[in-house]
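Read the structure below first, then the notes.
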Amino acid sequence: QVHLVESGGDSVQAGGSLRLSCLVSGVASCLYNMSWYRQAPGKQREFVSSIDEDSRTDYVDSVKGRFAISLDHAKSTAYLHMNSLKPEDTAMYYCKSHCPEADLHEDEPPPDSNYWGQGTRVTVSS
């Protein structure tokens, strides 16, 4: 079974930096199509960033130039480097792996082959 565990969330002041980590275990090939999402209180979950098997990256406009996504295959970990944090970045951050290969190991695989972590909280104060 594939497991995703986020860490690195914290409370910081505006202008600060954080690095979120997402440790992927269980199926090694699941560290190729990774995404980060976030959900602020009272709002829907939104896409933040993604990276695919060709290392192509994508970002929501609001974080371009401030956030960077990366992978460390040796550590089976995806990262979200966050700089120049703003109060509006306050949210629960989740990592997601799109991993059809993991479905073979699951009794009840998700219909979209998307596997999620439990989230890590980021709070940015002004």
Side-chain angles (χ1 to χ4, degrees):
Q1 292 184 329
V2 61
H3 293 283
L4 283 70
V5 179
E6 301 97 333
S7 61
D10 204 347
S11 295
V12 297
Q13 290 194 329
S17 298
L18 284 174
R19 187 184 73 172
L20 304 185
S21 301
C22 175
L23 176 64
V24 180
S25 62
V27 181
S29 60
C30 286
L31 192 71
Y32 283 96
N33 286 284
M34 299 294 299
S35 303
W36 286 93
Y37 286 72
R38 65 187 179 186
Q39 186 166 18
K43 295 187 177 181
Q44 289 189 331
R45 189 175 297 190
E46 68 166 349
F47 168 82
V48 176
S49 180
S50 65
I51 186 167
D52 68 12
E53 65 271 20
D54 296 318
S55 299
R56 291 174 296 197
T57 59
D58 192 18
Y59 300 91
V60 66
D61 285 347
S62 61
V63 307
K64 285 181 179 177
R66 300 189 298 122
F67 290 11
I69 190 171
S70 65
L71 301 177
D72 186 333
H73 289 280
K75 296 182 178 180
S76 297
T77 300
Y79 297 102
L80 185 66
H81 308 264
M82 305 189 296
N83 299 310
S84 303
L85 283 161
K86 304 176 181 180
E88 50 265 43
D89 295 318
T90 295
M92 185 74 83
Y93 284 72
Y94 300 89
C95 64
K96 183 193 80 174
S97 169
H98 178 68
C99 192
E101 296 86 348
D103 293 350
L104 299 174
H105 305 273
E106 298 288 331
D107 292 333
E108 294 184 9
D112 52 7
S113 301
N114 288 328
Y115 296 84
W116 296 83
Q118 83 293 344
T120 186
R121 186 173 301 279
V122 173
T123 302
V124 184
S125 57
S126 57

Q: Ignoring hydrogens and angles, state whether a donor on the side chain of D72 or T77 is under 3.5 Å from an acceptor on the partner side chain.
A: no

Q: For F67, check ring-ring contact (aromatic ring centres under 6.0 Å, His included) against everything at least two apart and list the hits.
A: none

Q) Would you call R66-D89 a salt bridge at under 4.0 Å N-O? A) yes

Q.
With a 3.5 Å distance limit and no angle check, can you tell me whether T90 reaches the backbone of V124 through a side-chain donor-acceptor pair?
A. yes

Q. Is any side-chain heavy atom of L71 less than 4.5 Å from a side-chain heavy atom of L31?
A. yes

Q) Going by an N to O cut-off under 4.0 Å, is there a salt bridge joining D61 and K64? A) yes

Q: Taking E101 for its side chain and V27 for its backbone only, find out whether a donor-acceptor pair lies under 3.5 Å.
A: no

Q.
To check you understand the geometry: which heavy-atom pair defines the closest contact between G9 and V122, and what is its length?
A. CA-CG2, 4.1 Å

Q) Taking the six-membered ring where the residue is Trp, are the ring centres of H98 and Y115 under 6.0 Å apart? A) no

Q.
Quick check for you: to the nearest 0.5 Å, what is the distance between L80 atom CG and S21 atom OG?
A. 9.5 Å

Q.
Does Q13, at its CD atom, have more than 12 non-hydrogen atoms belonging to other residues, nucleotides or ligands within less than 6.0 Å?
A. no

Q | Side chain to side chain, S113 and C99, heavy atoms closer than 4.5 Å | A | no

Q.
Please check this pair: side chain of E106 against backbone of P110, looking for a donor-acceptor N/O pair closer than 3.5 Å.
A. no

Q. Just how far is it from atom CG of D54 to atom OH of Y32, taken to the nearest 0.5 Å?
A. 11.0 Å

Q) Can you tell me how far NE2 of H3 sits from CD of Q118, rounded to the nearest 0.5 angstrom? A) 11.5 Å

Q: I would like to know whether L20 and M82 meet side-chain contact (heavy atoms from CB on, under 4.5 Å); could you show each step before the answer?
A: CA-CA 8 Å; L20 304 185; M82 305 189 296; 3.7 Å; yes

Q) Cation over ring, R38 on Y94, under 6.0 Å and within 45°? A) no

Q: Return the minimal non-hydrogen interatomic distance between S97 and L4, and the atom names on each side.
A: N-CD2, 3.6 Å

Q: Measure the CE-OG distance between M34 and S70 for me, rounded to the nearest 0.5 Å.
A: 11.0 Å

Q: Rounded to the nearest 0.5 Å, what's the gap from OG1 on T123 to CE on M92? Could you check?
A: 9.0 Å

Q) So how far is it from H81 NE2 to L18 CG, rounded to the nearest 0.5 Å? A) 12.0 Å

Q) Within the side chain of Q1, is there an N or O that forms a donor-acceptor pair under 3.5 Å with the backbone of H105? A) no

Q | Heavy-atom pair with the smallest gap, counting every atom of S17 and N83 | A | OG-OD1, 2.9 Å

Q.
Pair L23, S76 - check side-chain contact (heavy atoms from CB on, under 4.5 Å), show working.
A. CA-CA 6 Å; L23 176 64; S76 297; 4.3 Å; yes

Q | Under 3.5 Å side-chain donor-acceptor pair for S50 and D58 | A | no

Q. Under 4.5 Å between any side-chain heavy atoms of Y79 and I69, yes or no?
A. no

Q: Taking all non-hydrogen atoms of both residues into account, name the closest pair between Y59 and S49 and its distance.
A: CE2-OG, 3.1 Å

Q | Whether Y37 side chain and W116 backbone form a donor-acceptor pair below 3.5 Å | A | no

